[in-house]
Enquirer: 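I have a structure I would like to understand better, so I am pasting it below and will then ask my questions one at a time.
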Amino acid sequence: MATLELRNVNKSYGSGLADTLKNIELSIDSGEFLILVGPSGCGKSTLMNCIAGLESISGGAIMVDGQDISGMSPKDRDIAMVFQSYALYPTMSVRENIAFGLKIRKLPQAEIDAEVARVAKLLQIEHLLQRKPSQLSGGQQQRVAMGRALARRPKIYLFDEPLSNLDAKLRVEMRTEIKLMHQRLKTTTVYVTHDQIEAMTLGDKVAVMKDGIIQQFGTPREIYNDPANLFVAGFMGSPPMNFIPLRLQRRDGRLMGLLDSADGHCELPLGNVAGELEGRELILGIRPEQVLVGASDLPAIRAQVQVLEPTGPDTLAFVEINQTKVCCRLAPDSPARVGDTLDLQFAPDKVLLFDAQSGERLCVPGKSAVTEPARVARLKGL
């Protein structure tokens, strides 16, 4: 196990070109599981390659256990990487693929055999050891690729979108296997994905990236409940957070948010944050599961159900508020039908407010500013 720290890491491919990585600051403790998540082209795989030594950095430092490894060759970093393409040797058996790195290091044959047996048992591929990669399914090939990395017993494991080539059912199964493996081995792990479900379920810490910048760094719970900006709020969560343009109006000296639909009108109290919001163009954010349906004495807006999407564990209902499609998560046995009118309520402590121009998070009604973890993470990333 090892600590990993990235200090002001930058990556550029030449003068006149935009930086691919911009002032990356991250730190994870020994044994933690870090997820790098973001859309395609955001720089997460480039950052992974820089940690592995497959690409050099243009500035900053990569520290492992307090030692700067930025100038080391990949073979000297004691880091194992599992690629998206598996990268297995097609002419070698599963046993030979797993043992290859150990043979290169010239370990005794008895030690190699014991390590291959250990890894095969851990990944439940003992019955596959004599097969060639062409005789394996995608999930089995991924296990072998993981086994080759595990056999080295490195300080850090790197996974570069390892499940993206698998079908949906197998991705869920392999995600569980990776989590169980990490719980057993407790090895420091960095995992790249564009799948926010993987990010939420696998990671101890999550770094959300966009355009080579860390938008927010924290636990999955912090990032889901306390997003730093519109991008993070919209990227994390399935279905994504609702974003509703919000008009403001003063009533009896209080600032109210106005919600309109074809069937009703509602004024949402904004608590004690009036001074911070006056004159701003705002976006209201609320997650589908936090839209209440006739469940409290809060102000309600009546809206007609336009679309229903049963998913099994719940039903997604879509309505229109402030000329914007809004998703509500209902119970699976909800009697709601298309055309029905629902009384929808937004709990003030669940509503998030964003600046429509900058995308930055402003506040939660009832609080004076964005909470400290989100602010600190945002400032570090930017």
Enquirer: For G237, is there any backbone N or O sitting under 3.5 Å from a side-chain donor or acceptor partner on Q196?
Expert: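 Yes.
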
Enquirer: Can you check whether K155's main-chain N or O pairs, donor with acceptor, with R77's side chain at less than 3.5 Å?
Expert: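 Side chain of R77 to backbone of K155, a donor-acceptor pair under 3.5 Å: no, none is there.
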
Enquirer: If we ignore hydrogens and angles and just use 3.5 Å, is the side chain of K44 paired with the main-chain N or O of P39 as donor and acceptor?
Expert: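 Indeed, once roles are kept as given, a pair shorter than 3.5 Å links the two residues.
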
Enquirer: Could you pull out the closest heavy-atom pair between S45 and E161, with the gap in Å?
Expert: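 Looking at all heavy atoms of both residues, the closest pair is OG-OE2, 4.3 Å.
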
Enquirer: Are the side chain of D167 and the backbone of L170 linked by a donor-acceptor contact shorter than 3.5 Å?
Expert: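 Yes; judged by distance alone, with no hydrogens or angles, the pair exists.
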
Enquirer: Check whether any side-chain N or O of T188 sits under 3.5 Å from a backbone N or O of G31 as a donor-acceptor pair, and report yes or no.
Expert: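 Yes; at least one donor-acceptor contact below 3.5 Å.
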
Enquirer: May I ask you to establish whether K11 and Y13 are in a cation-pi arrangement, using a distance under 6.0 Å from NZ or CZ to the six-membered ring centre and at most 45° from the ring axis?
Expert: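 Here K11 passes the 6.0 Å and 45° test against Y13.
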
Enquirer: Applying the 4.5 Å side-chain criterion to the ILVMFWY set and letting contacts propagate, would L292 and I286 be lumped into a single cluster?
Expert: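 Different clusters: L292 never reaches I286 through Ile, Leu, Val, Met, Phe, Trp or Tyr contacts under 4.5 Å.
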
Enquirer: Check for a donor-acceptor pair, side chain of R247 on one end and backbone N or O of N322 on the other, with a separation under 3.5 Å.
Expert: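 Not a single qualifying donor-acceptor pair exists.
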
Enquirer: Nearest heavy-atom pair of A331 and T315: which atoms, and what distance?
Expert: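 Taking A331 first and T315 second, the nearest heavy atoms are O-OG1, 3.8 Å.
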
Enquirer: Indicate yes or no: at least one non-hydrogen side-chain atom of Y224 is less than 4.5 angstrom from one of R287.
Expert: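 Contact flag for Y224/R287 side chains = yes.
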
Enquirer: At their closest point, which heavy atom of L298 faces which heavy atom of Q345, and how far apart are they?
Expert: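 Distance-wise, the nearest heavy atoms are O-NE2, 3.1 Å.
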
Enquirer: Is there side-chain contact between N97 and P133, with heavy atoms separated by less than 4.5 Å?
Expert: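 Side-chain contact under 4.5 Å: yes.
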
Enquirer: Does atom CZ of R337 have more than 12 heavy-atom neighbours, drawn from other residues, nucleotides or ligands, at distances under 6.0 Å?
Expert: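 Incorrect, the count does not exceed 12.
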
Enquirer: Looking only at heavy atoms, what is the nearest atom pair of A61 and D68, with distance?
Expert: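 Taking every non-hydrogen atom into account, CB-OD2, 3.8 Å.
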
Enquirer: Does S70 reach the main-chain N or O of I62 with its side chain, forming a donor-acceptor pair under 3.5 Å?
Expert: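 Yes, because the side chain of S70 sits within donor-acceptor range (under 3.5 Å) of the backbone of I62.
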
Enquirer: Please identify which of these residues, K210, Q215, R361, Q216, meets the side-chain hydrogen bond (donor to acceptor under 3.5 Å, both in side chains) condition with N229.
Expert: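 That would be Q215.
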
Enquirer: Are the side chains of L202 and T189 in contact, using a 4.5 Å heavy-atom criterion?
Expert: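 They are not in side-chain contact.
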
Enquirer: Can you find a pair of side-chain heavy atoms, one from I28 and one from F217, that are under 4.5 Å apart?
Expert: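 Answer yes - side chains close enough.
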
Enquirer: Could you check whether the rings of F33 and Y191 sit parallel, tilted or perpendicular, using 30° and 60° as the cut-offs?
Expert: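 F33 and Y191: tilted rings.
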
Enquirer: Are more than 12 heavy atoms from other residues, nucleotides or ligands located less than 6.0 Å from atom NE2 of H182?
Expert: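 Enclosed: over 12 neighbouring heavy atoms sit under 6.0 Å from NE2 of H182.
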
Enquirer: Is the shortest distance from a Lys or Arg side-chain nitrogen in E115 or R153 to a carboxylate oxygen in the other one below 4.0 Å?
Expert: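 Salt bridge flag = yes for R153 with E115.
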
Enquirer: Counting N and O atoms only, with roles assigned by atom type, does the side chain of D260 sit under 3.5 Å from a partner on the main chain of Q323, one being a donor and the other an acceptor?
Expert: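 Flag not set: sc D260 to bb Q323 has no pair under 3.5 Å.
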
Enquirer: Quick check: does any side chain N or O of T20 sit under 3.5 Å from a backbone N or O of G43, one acting as donor and the other as acceptor?
Expert: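 Between the backbone of G43 and the side chain of T20 there is no qualifying donor-acceptor contact (under 3.5 Å).
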
Enquirer: If you compare all heavy atoms of R175 against all heavy atoms of I197, which two are closest, and at what distance to 0.1 Å?
Expert: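 Smallest interatomic distance, heavy atoms only, reads NH1-CG2, 3.6 Å.
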
Enquirer: Testing the basics here: between L102 and A151, what is the closest heavy-atom pair and its distance to 0.1 Å?
Expert: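 Of all heavy-atom pairs spanning L102 and A151, the closest is CD2-O, 3.3 Å.
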
Enquirer: Using side-chain heavy atoms (C-beta onward) and a distance below 4.5 Å, is T324 in contact with P245?
Expert: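 SC-SC contact between T324 and P245 confirmed.
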
Enquirer: Does any non-hydrogen side-chain atom of L185 lie less than 4.5 Å from one of L122?
Expert: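 In short, these two side chains touch, coming nearer than 4.5 Å.
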
Enquirer: Any donor-acceptor pair under 3.5 Å linking the side chain of N10 with the backbone of N23?
Expert: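 Checked: pair present.
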
